[in-house]
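Everything quoted here is computed from the prediction, not taken from an experiment. Labels below follow one simple rule: chain letters A, B, ... track the order of the sequence lines, proteins then strands, and each chain is numbered from 1.
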Amino acid sequence: MKKLPASFYQRENILQIAKELLGKVLVTNWNGKVTSGRIVELEAYNGIIDRASHAFGGRRTNRTEIMYAHGGVAYVYLCYGIHHLFNVVTHSKDVPHAILIRAIEPIEGIAEMLVRTRKKKADYTLTKGPGNVAKALGIVTAHSGYSLRSKELFIADDGFVVSAKQLMSTARIGVDYAGDDALLPYRFYLKDNLYVSGKLK
DNA sequence: GAGTAGATCCTCT
DNA sequence: GAGGATCTACTCA
């Protein structure tokens, strides 16, 4: 397990980063409770030219300020008053690129995830969907701005290789308000993975 | 199995 | 004062 270097996040091509982030392992370690999971679904938000992004048009507010930081930190925000959504900030300073982690496949600390999500048994709903990912990993808005190379929160490479056959891309979910930009194929996921959100087939 | 309402609160206008 | 990068549970069939 190797933590991804800062240089991984600070590249310019967010789609390239998004593809490479698939299959990596997201780990949290709050108060000694380790939970981790493999990233199986995510969406890219392509900065100021992306209508679906909070930073569209260069909007800069207290909330989105984190997106303008250098790559390699977390951007967490509250949606619908209930769900914490975890994003990875990429690119260099002042370019608000971010990648939303939509689903992971649990690896470590499943018992702890069950407690956090108040579920009775572990199934594919445990970490399916962005709201559940943050909940299972214990990520809340207070962690926004947190480094992804810290002791408590990081993304690592455990040698898992995503084959070209598994790599799927589609339009993003839940961004109908974004007009034509909602159609961009910026959502990436691993084919046939149970934890991928959206319609079950 | 499909469709929809309700939860619930921070952020920006 | 409105609405959102969502999820769950409940209804109805």
[X] [atom1] to [N] [atom2], straight-line distance once rounded to whole Å:
X	N	atom1	atom2	value
R60(A)	dT13(B)	CZ	C1'	20 Å
H84(A)	dC10(B)	NE2	P	10 Å
I101(A)	dA5(C)	CD1	P	17 Å

Problem set entry | For E41(A), the option from I173(A), I101(A), T127(A) that meets side chain to side chain contact (heavy atoms under 4.5 Å, CB included) | I173(A)
Problem set entry | Pairing nucleotide - dA2(B), Watson-Crick or G-U, each distance under 3.5 Å | dT11(C)
Please confirm whether the shortest side-chain N or O distance from [X] to OP1 or OP2 of [N] is below 4.0 Å.
X	N	value
H83(A)	dA5(C)	no
Y77(A)	dT11(B)	no
K119(A)	dT8(C)	yes
R102(A)	dT6(C)	yes
N132(A)	dT8(C)	yes

Exercise. If we take the P atom in both dA5(B) and dG4(C), what is their distance in whole Å?
Worked result: 16 Å
For this session: Please state the C1' separation for the pair dG6(B) and dG3(C) - nearest whole angstrom.
Result: 15 Å
Problem set entry | Aromatic contact, H54(A) with Y77(A) (centres under 6.0 Å) | yes
Exercise. Among dA7(B), dC9(B), dA5(C), which nucleotide sits nearest the side chain of I82(A)?
Worked result: dA7(B)
For this session: Would you indicate which nucleotide in dT13(B), dC9(B), dG4(C) comes nearest to any side-chain atom of Y80(A)?
Result: dG4(C)
Exercise. Planes under 30° and centres closer than 5.5 Å, is that true for Y45(A) with the base of dA5(C)?
Worked result: yes
Exercise. Among side-chain atoms of E105(A) and Y124(A), is any donor-acceptor pair under 3.5 angstrom?
Worked result: no
For this session: Go through the steps for K165(A) and K191(A) under the test side-chain contact (heavy atoms from CB on, under 4.5 Å), then give the verdict.
Result: CA-CA 8 Å; K165(A) 266 194 244 170; K191(A) 191 175 195 282; over 6 Å; no
Exercise. Hey, are D158(A) and R38(A) close enough for a salt bridge, meaning a charged N less than 4.0 Å from a carboxylate O?
Worked result: yes
